[in-house]
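Heads up, the thing below is written out as structure tokens.
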Amino acid sequence: MMQKKIIISFLYRIKTKLFWTVDRVVGRLKSEYIDIPVLNADCKILILAPHSDDEWIGCSQIIKDNTDVLICNMDMDGGDTQEIHAIRYQEMKSLANKYHRPFSTVNANNRECGLLKIVQDYRPEIIFLPFFMDWHEEHVQVMNVLKSVSASVKGFQIGMYPVSLPMLPNFITHFRPLNKTALKAKWDEFLNVYKTQTFIPWKRFLANERINGAYLNQYAAEVYSIIPVEQWIKLLDNHLLTDEQKKCLKGNLNKISKVRKMMSLFYAAKEA
């Protein structure tokens, strides 16, 4: 019985990777060029990471290339045990230290006050956090914390980055290119630093970066949406995913083309 389960699991992984390959090729063929700028490396940036590894998945090239970046751990538990949570914290801190980027942590007992102080002290030009169409409840909690903080402090824009769900092409405003070598280096670094997370389907994330690249005439790309705070708040107020939509997307995460289509339909339905 155990041997049968191992074989079934192995075949499922092979089938999933094959689907990712097909979706990547088809996604690249169907993409239409987007004329947008490369993100300027000179602006002052604050990256909010709900969980350790979100910052690298969404903003690795910003962390590597920008010299004025503060990485902020929002200290969401992510369903981890205390032991794993502590290890993941150290993984994130070690990555920040490797690239000589300052690192802060909000107080989990009062995240709004903690984040407000960080924003007031650091005065970022752009605050990055996950794309508003996201199934993870703790990612949405971080969005709501920043929304509350934005009422008390001004002078910054919102930058969104994709994590487990892709970013809709019509929201992409900036990007950082990834050639073949840089893309491999990004995920090699992920596997080297985030040893607690090697089980996640990172090749699916990589496939989405390859599809993003086709929109931009690049081998691959990290994409971002940089918009005014007021516009971002309207998106939160009117377009956050419903519980049913989250359930539907979460149940199809490994079907790249289907997820992209569903996200477009969900957004269009609320715009109608």
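Counting from 1, the numbers follow the sequence of the chain as shown. Any value given below was found using the heavy atoms of this structure, including those in side chains, with hydrogens, waters and symmetry copies removed.
- For the pair I211/P166, no side-chain contact is recorded, criterion being any heavy-atom separation below 4.5 Å from C-beta on.
- The main-chain N or O of D80 is never found under 3.5 Å from a side-chain atom of D77 such that the two would form a donor-acceptor pair.
- N66 contributes no side-chain N or O that, together with a main-chain N or O of D68, makes up a donor-acceptor pair within less than 3.5 Å.
- No side-chain heavy atom of N107 sits under 4.5 Å from any side-chain heavy atom of C113.
- Atom CD of Q245 is separated from atom OH of Y267 by 13.0 Å, given to the nearest 0.5 angstrom.
- Hydrophobic clustering (side-chain heavy atoms under 4.5 Å, transitive across Ile, Leu, Val, Met, Phe, Trp, Tyr) keeps Y99 apart from L46.
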Hey, mind stepping through M74 and Q141 against side chain to side chain contact (heavy atoms under 4.5 Å, CB included) and telling me if it holds? CA-CA 10 Å; M74 295 299 292; Q141 287 179 37; over 6 Å; no

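- Using a distance-only test at 3.5 Å, with no hydrogens or angles considered, no donor-acceptor pair links the side chain of E91 to the main chain of Y194.
- Judged by distance alone, the side chains of E112 and S148 do bring a donor and an acceptor atom under 3.5 Å apart.
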Between K270 and T242, is a side chain to side chain contact (heavy atoms under 4.5 Å, CB included) present by the stated rule, with each step listed? CA-CA 11 Å; K270 290 188 177 182; T242 66; 4.0 Å; yes

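- With hydrogens and angles disregarded, no donor-acceptor distance shorter than 3.5 Å links the side chain of N192 to the backbone of D188.
- Side-chain atoms of K186 never come within 3.5 Å of backbone atoms of L206 as a donor-acceptor pair (strictly under, hydrogens ignored).
- Closest heavy-atom contact between D53 and Q197: OD2-CG, 3.5 Å.
- Under the 4.5 Å side-chain criterion, counting only non-hydrogen atoms from C-beta, L191 is in contact with W202.
- One distance of note links CG of N144 with CG of L240; it measures 7.0 Å at 0.5 Å rounding.
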Test side-chain hydrogen bond (donor to acceptor under 3.5 Å, both in side chains) applied to Y89 and T105, step by step: CA-CA 9 Å; Y89 178 87; T105 305; 3.0 Å; yes

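- Residues V106 and I47 fall into different hydrophobic clusters, defined by Ile, Leu, Val, Met, Phe, Trp and Tyr side chains chained together at heavy-atom separations under 4.5 Å.
- Between the side chain of Q90 and the backbone N or O of R88, no donor-acceptor pair lies under 3.5 Å.
- The backbone N or O of P169 lies less than 3.5 Å from no partner atom in the side chain of R260, so there is not a single donor-acceptor pair.
- If you take CD1 on I62 and CD1 on I45, they are separated by 4.5 Å, rounding to the nearest 0.5 Å.
- Counting only heavy atoms from C-beta outward, the side chains of E189 and K64 never approach each other to under 4.5 Å.
- Residues P50 and H136 fail the side-chain proximity criterion, which asks for heavy atoms closer than 4.5 Å.
- Between the side chain of Y219 and the backbone N or O of P177, no donor-acceptor pair lies under 3.5 Å.
- A 4.5 Å side-chain heavy-atom check between L241 and L165 finds at least one atom pair inside the cut-off.
- Dense packing is recorded around NZ of K147, with more than 12 heavy atoms of other residues, nucleotides or ligands lying under 6.0 Å away.
- Enclosure of atom NZ in K154 by more than 12 non-hydrogen atoms of other residues, nucleotides or ligands within 6.0 angstrom is indicated.
- Considering every non-hydrogen atom in both L253 and S164, the closest pair reads CD2-O, 4.2 Å.
- When hydrophobic clusters are built by joining Ile, Leu, Val, Met, Phe, Trp and Tyr residues whose side-chain heavy atoms come closer than 4.5 Å, directly or via intermediates, F131 is not grouped with V163.
- How far CG of L116 is from OG of S150: 10.5 Å, rounded to the nearest 0.5 Å.
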Is there a side chain to side chain contact (heavy atoms under 4.5 Å, CB included) between N73 and K93? Walk through the geometry before answering. CA-CA 9 Å; N73 187 326; K93 190 173 183 179; over 6 Å; no

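- With sequence neighbours excluded, the residues satisfying side chain to side chain donor-acceptor pair (under 3.5 Å) with D54 are H51, H139.
- Grouping the Ile, Leu, Val, Met, Phe, Trp and Tyr side chains by contacts below 4.5 angstrom, directly or via other members, places W135 with L129.
- In this structure, L183 and E209 approach most closely via the heavy-atom pair CD1-OE1, 3.2 Å.
- V69 and F175 fall into different hydrophobic clusters, where Ile, Leu, Val, Met, Phe, Trp and Tyr residues are linked whenever their side-chain heavy atoms come under 4.5 Å apart, directly or through other members.
- A pairwise comparison of heavy atoms in M76 and H85 identifies O-CE1, 3.2 Å as the closest pair.
- By the 6.0 Å contact criterion, NZ on K44 is enclosed, its count of non-hydrogen atoms from other residues, nucleotides or ligands being greater than 12.
- Separating the CZ atom in F103 from the OG atom in S94 is a distance of 9.0 Å, to the nearest 0.5 Å.
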Output side-chain donor-acceptor pairs under 3.5 Å for residues 31-41, partner residues at least two apart or in another chain, one line each.
| unit_1 | atom_1 | unit_2 | atom_2 | d |
| --- | --- | --- | --- | --- |
| S31 | OG | R28 | O | 2.8 |
| N40 | OD1 | D42 | N | 2.7 |

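- Under a 3.5 Å cut-off, the side chain of R24 and the backbone N or O of R204 do not form any donor-acceptor pair.
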What side-chain donor-acceptor pairs closer than 3.5 Å can you find for residues 223-230, not counting sequence neighbours?
| unit_1 | atom_1 | unit_2 | atom_2 | d |
| --- | --- | --- | --- | --- |
| Y224 | OH | E222 | OE1 | 2.8 |
| S225 | OG | F171 | O | 2.8 |

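- How far OG of S264 is from CE of M133: 7.5 Å, rounded to the nearest 0.5 Å.
- I57 and P162 make their closest contact through CG2-O, 4.4 Å (heavy atoms, listed as atom of the first residue, atom of the second, distance).
- Contact record, F156 with P124: CB-O, 3.3 Å, taken as the closest heavy-atom pair.
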Quick one: do L95 and W56 satisfy side chain to side chain contact (heavy atoms under 4.5 Å, CB included)? Show the steps, please. CA-CA 9 Å; L95 184 134; W56 188 253; 3.6 Å; yes

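- In terms of modelled atom types and a separation under 3.5 Å, the side chain of R111 and the main chain of D75 share a donor-acceptor contact.
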